[in-house]
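Starting from 1, each residue takes its place in the sequence as its number. Whatever order the structure lists ligands and atoms in, that order sets their numbers, starting from 1.
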Amino acid sequence: MQKFFRYLSQSKDALSLVVPAFKRNRLRVLSGFLAIIAVDIIQLQIPRIIKKAVDGLQESSVTQPELLRYGLMIVALALSIAALRFGWRYLILGFSRILERDLRCTMFSHLLTLDNRFFQKRSTGELMALSSNDLASVQIAFGMGMVAGADAVFMTIATLGFMAYIHPILTLIAISPMPVLAILTTVLSARLHKRFTKVQEQFSELTEFVRSCLASIRLVKAHTQEKHQSGLFNDMGKEYVRDNIRLAMVQGTLFPFAGLIANTSMLLVIFFGGRYTIEGHITVGEFVAFTSYLFMLTWPMMALGWVTSLFQRGITSLGRISGVLDEHTALTSTETEKLPADTKKLRIQDLTYTYPGQNRPALEKISLEISPGILGVVGRTGSGKSTLCHILARLSPVMDNTVFLENRDINTLSITDFRSRVAYVPQDIILFADTIAANISLGNTDATMDEIQKAAATASIHDEIMEMEEGYQSRIGERGVKLSGGQRQRIALARALLLDRPVLIIDDGLSSVDMDTEQKIIAALSGYIRDRICIIVSHRIAPLVNANTLIVLDQGRIAAQGAHEELLRTNSFYATIHKYQTSFTTTPPENSTEPGGPAR
Ligand SMILES: Nc1ncnc2c1ncn2[C@@H]1O[C@H](COP(=O)(O)OP(=O)(O)OP(=O)(O)O)[C@@H](O)[C@H]1O
Ligand SMILES: [Mg+2]
């Protein structure tokens with residue numbers, strides 16, 4: 001019972017998602033319902049005409065033209081039913097599509113507000129399944145489900161009214177088996193909900209599997225994993241089918257059972273109704289009309305099971321969607337302070353950052369003042385460099401009073417405004433299946449071709465682009481597959497340079513270019529930087545020797561800080577790393593990209 005109430009309250013929460021769409025489209029929905037009711041009322045007139053005809057025949061009082069008139073009346077009613085059915089289809093099914101679109105847009109806009117933590121928790125496949133399969137279930141529930149539900153409810157009430165008008169006791173006899181159906185529907189509803197949730201989750205997993213497999217297709221092929229992956233997919237498919245069959249078994253119980261109950265009612269009516277007719281309590285015409293009404297009742301009773309299952313699916317899916325909409329970004333912004341005019345001083349004070357579910361902090365007690373010029377961040381893999389970049393690009397949440405822009409706590413500043421001051425080149429480059437020009441001008445679509453070319457030149461990629469057959473109009477394939485790793489990185493850098501923002505963060509964005517090119521780019525950046533803050537992460541110290549300040553991160557802590565020459569003289573840890581790395585540069589080039597630093 002407790003479970004049932006919990007389920008009811010969850011359903012209520014989920015249903016609140018569709019209320020706004022109902023309010024906005026109330027006229028459309030209301031007109032649709034009126035059309036359904038009109039169809040039902042007209043349908044209910046047909047047995048009355050049949051009754052008149054049968055009674056007339058019984059008493060031999062009906063003439064041929066009168067019979068023809070009855071027939072024509074039935075045809076006219078059928079025509080109006082057809083027109084009205086078109087009407088409710090247009091209105092209600094149209095509404096269900098509007099609702100689907102609204103929910104899809106709400107969900108998409110909401111997803112764009114969420115932070116890294118959310119996307120680490122939920123897979124892309126799951127989110128794609130939500131916006132395809134789950135939204136489709138909601139659409140069906142509030143389209144066909146709602147029509148069939150309204151039709152069934154109204155038809156049941158009206159039919160029972162007409163039946164009771166003919167003979168109340170016979171009506172009670174006819175509906176006596178129905179409570180069994182009501183009990184069965186309630187019991188099976190909860191089971192249906194559980195099984196449908198499982199099936200939808202499995203569909204999410206399947207979608208995610210296909211997505212990740214296709215995204216890493218080159219890896220799959222290189223490791224000759226095609227057969228293995230197909231096998232895994234096959235197993236997942238089998239499990240999905242098995243659970244779908246289990247779901248169909250629950251639905252399959254409900255539907256025929258409703259039919260069985262309806263036929264039991266028919267048996268009772270033929271037996272008792274026949275007796276009432278013989279005894280003269282009702283006329284033959286009334287008996288025929290009564291059985292016609294009972295036939296009409298069969299559909300709503302059968303529909304009850306179907307509608308229950310459609311709504312069950314719709315509400316389960318709404319619950320899954322509402323689970324995403326209930327998620328909120330952990331990035332807080334009280335926006336109490338106006339963003340300072342300048343972005344000349346970023347200050348980090350005693351910052352410790354631990355990823356959710358981790359015991360060890362990724363950054364520990366970091367204090368740092370960042371002024372215009374180049375800040376080089378080096379450190380071995382896993383030392384916390386990207387974590388620091390995420391925080392400074394406002395992608396990961398921080399505690400209050402740990403990061404300041406011009407002495408204002410960044411948690412009090414607008415996130416969007418703050419981000420609009422930062423150009424960020426992530427460690428994992430993201431390019432789109434578009435032209436090079438479009439990829440560079442992402443975020444600054446008003447940029448002229450001259451500006452695009454200038455940014456590309458600073459990123460040392462202009463000449464290579466010009467050598468391509470279609471130059472800046474070359475299409476680079478999905479995720480830039482047609483480019484080398486180094487080319488991809490420099491296009492991403494050009495994109496960030498074009499944004500022309502006061503803070504530039506390059507998270508290991510030059511790791512795939514050779515050392516000479518890296519040095520050339522950093523030298524070119526010196527001209528670009530002027531009074532900008534530029535944070536460059538690299539595994540290697542060499543390209544950053546001219547940085548105004550260098551920090552070495554080690555297990556989340558700052559192990560060395562200062563200018564290169566000064567550090568070489570005063571910091572033995574730094575000097576050791578430098579020696580270690582420079583000894584590597586004299587070895588063959590492929591070793592030159594080895595992560596730096598001795599193991600501690
Ligand atoms: N999303 C995450 N959830 C949990 N732990 C994480 C997450 N991202 C990073 N870490 C952990 O935080 C630490 C710092 O990671 P970070 O990515 O900042 O290192 P990095 O210095 O950028 O390394 P690399 O040079 O390999 O890019 C590592 O121990 C890593 O395992
Ligand atoms: Mg990193």
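- Heavy atoms only, all atoms of each residue included: L497 and L504 are closest at CD2-CD2, 3.7 Å.
- Sorted by chain and number, the heavy-atom contacts of ligand 1 below 4.0 Å come from Q120, Y355, Q358, A362, R380, T381, G382, S383, G384, K385, S386, T387, Q427, H539.
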Just list the side-chain donor-acceptor pairs under 3.5 Å for residues 318-328, sequence neighbours left out, or say none.
residue, atom, partner, partner atom, Å
R320, NE, D134, OD1, 3.0
R320, NE, D134, OD2, 3.2
R320, NH2, D134, OD2, 3.1
R320, NH2, S204, OG, 2.9
E327, OE1, K121, NZ, 3.2
E327, OE2, K121, NZ, 3.2

- Item | Worked check of ring-ring contact (aromatic ring centres under 6.0 Å, His included) between H564 and H578 | CA-CA 10 Å; H564 172 67; H578 183 251; 5.0 Å; yes
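- A salt bridge links R475 with D434; the closest basic N to acidic carboxylate O contact falls under 4.0 Å.
- Checked options I505, I558, D507, I348; the residue passing with L388 is I348 (criterion: side-chain contact (heavy atoms from CB on, under 4.5 Å)).
- For the residue pair R347 / Q349, a side-chain donor-acceptor distance below 3.5 Å is found, with atom types taken as modelled.
- Identified under the ring-ring contact (aromatic ring centres under 6.0 Å, His included) test for residues 341-364, with sequence neighbours left out: Y353-Y355.
- Listing protein N, O or S atoms at distances below 2.8 Å from the Mg ion (ligand 2), with waters left out, gives S386 OG, Q427 OE1.
- Under a 4.0 Å N-O distance rule, the pair R246/D243 qualifies as a salt bridge.
- Of the charged side-chain nitrogens involved, at least one lies within less than 4.0 Å of a carboxylate oxygen, so that E100 and R104 count as a salt-bridged pair.
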